[in-house]
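Taking it in order: structure first as structure tokens, then the write-up.
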Amino acid sequence: MKTINSTFRIVIEEPVDFAQLYKYLEFYWERKRYHKKINILITSKIKFVRPAEILIIVQFVIALTDNCDVTIYSEAHINRYFQNICISEFCDKNYEQSKTLNAIMSINAMPIRRVTRENMDEYIDYAKKYFQEICGNKDLTAFNIYFAELINNVYDHSESKIDAYVFCQYFPKINTIKIAVSDLGIGIPGSIRKAQIEGIELNNDQSCLKWAIKPSNSIKSMPSNRGLGLSNVIDFAKTNKGNLVLLSGNSKVLVIDGEVVSGKNPYKNFIGTLIQIELVINNLQIIDDEFIEYEY
Amino acid sequence: MIIIRNTVNNTYTNSEGMKLYAALKPYFESGDKVDVSFVDLSPTSTSFLNSSIGNLIDEYGINNFKKVVRPVQITRSHADLLKKYLDSFANLV
């Protein structure tokens, strides 16, 4: 690794500018060079930062934490939001994830968290319990399913350099929980190419992603895998009519108003997989605790 | 009766699914029927189901699974998840 002594400045004026963070990571990992100091300036044109974008920033900071000092500058209201979700803690070189989980009640959010297979149940169950209090008698099965499937996918397929990061927040005005899960791994198209799956255009990220979301398509990274996790997530999003954005490689899959659409990833130089899902509380069923007679 | 909640620590991971697999396997070997209780259980991920139910179906077939395992104390949402999972084996019958 070679140090560059000047300060590097990244200016975020519109959402697609978050791509610059991926571009820098590519520079860091491939060219093995880095700036001692990096300033991220989020301009006043950015009115709010979405959960998925929060994770892009956090991953960036975590990936560079050993070598770079990252400072984030933003408008006062975004700054306050960042303080609430403790984003500056990730910029601290001595940052260590708290062993205890506490919801951020002032903004109805769970803290940003590095989640492993070993501790995912603790995170999911705590978060579900917290949001259940907000959502009353609505059945949050989809909440558990989204997190469990997406975190398992990271560890089954991604080879992420920094594990999986998660963030979720309830937005009262739209009565919706937004959930984001991300990694800096080889991406879904990358894992499909690595497995040399036949019958698809391996060099076409869009065709890889379309293949991955179909039920029963699996690269069998574990013998028992059946390719149902991602399709399960898509099905829940279609039923719930909550928007879903899945970015991987240079491709994207969206679920909008229950319809699945694919296209080009808006972020150039994208690394890993990033997914944001809206869980629309109004569209969930009421909890039904009655036991039923199960018939095959 | 096997109460899943008492057999596993969570219903999300492959490793916990393997514990349920191990608890159920003797019943498949003997051919005895067993009630499997879903009481007080978090939703089941496909990884958990793959390593438990999926492995048993791969080994003994879906028809034997239906003969041996009787899901009980199950809510509508768990039943829907289980049914959807078992439907994925439909083309293998």
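Excluded from the calculations below are hydrogen atoms, water molecules and symmetry mates; all remaining heavy atoms, backbone and side chain alike, are included. Chain letters run A, B, ... following the sequence lines, proteins first and then strands; every chain starts at 1.
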Apply salt bridge (Lys or Arg N to Asp or Glu O under 4.0 Å) to Lys84(B) and Asp235(A), showing your working.
CA-CA 11 Å; Lys84(B) 189 176 179 199; Asp235(A) 284 349; 2.8 Å; yes
Exercise: identify the closest heavy-atom pair between Thr46(B) and Asn232(A)
CG2-ND2, 3.7 Å
Flag side-chain contact, heavy atom, 4.5 Å: Asp156(A) against Ser47(B):
yes
Relative to chain A, which segment of Leu49(B) carries a heavy atom at a distance below 4.5 Å: side chain, backbone, both, or neither?
neither
Can you tell me if Lys210(A) has over 12 outside heavy atoms packed within less than 6.0 Å of its NZ?
no
Stepwise side chain to side chain contact (heavy atoms under 4.5 Å, CB included) test for Arg226(A) and Asp58(B)
CA-CA 11 Å; Arg226(A) 306 188 62 82; Asp58(B) 284 341; 3.5 Å; yes
Could you give the distance from OG (Ser88(B)) to CG (Leu228(A)), rounded to the nearest 0.5 Å?
4.5 Å
Chain B heavy atoms under 4.5 Å from Asp139(A): which part of the residue, side chain, backbone, both or neither?
side chain
Output the residues of residues 273-296 of chain A for which the shortest heavy-atom distance to chain B is under 4.5 Å, in residue-number order; output 'none' if no such residue exists.
Asp288(A), Asp289(A), Glu290(A), Phe291(A), Ile292(A), Glu293(A), Tyr294(A), Tyr296(A)
By number, which residues in residues 10-24 of chain B have some heavy atom less than 4.5 Å away from chain A?
Asn10(B), Tyr12(B), Thr13(B), Asn14(B)
Check each atom of Val69(B) against the heavy atoms of chain A and say whether the ones under 4.5 Å are side chain, backbone, both or neither.
both
Please determine whether the number of non-hydrogen atoms from other residues, nucleotides or ligands lying under 6.0 Å from atom CZ of Arg193(A) exceeds 12.
yes
Could you look at Leu86(B) and say if it's the side chain, the backbone, both or neither that has a heavy atom under 4.5 Å from chain A?
side chain
Part of Tyr146(A) within contact of chain B (heavy atom distance under 4.5 Å):
neither
Asn153(A) versus chain B, the contacting section by heavy-atom distance below 4.5 Å
neither
Can you tell me which of Asn55(B), Thr44(B), Asn50(B), Asn9(B) forms the most heavy-atom pairs within a distance under 4.5 Å of chain A?
Asn50(B)
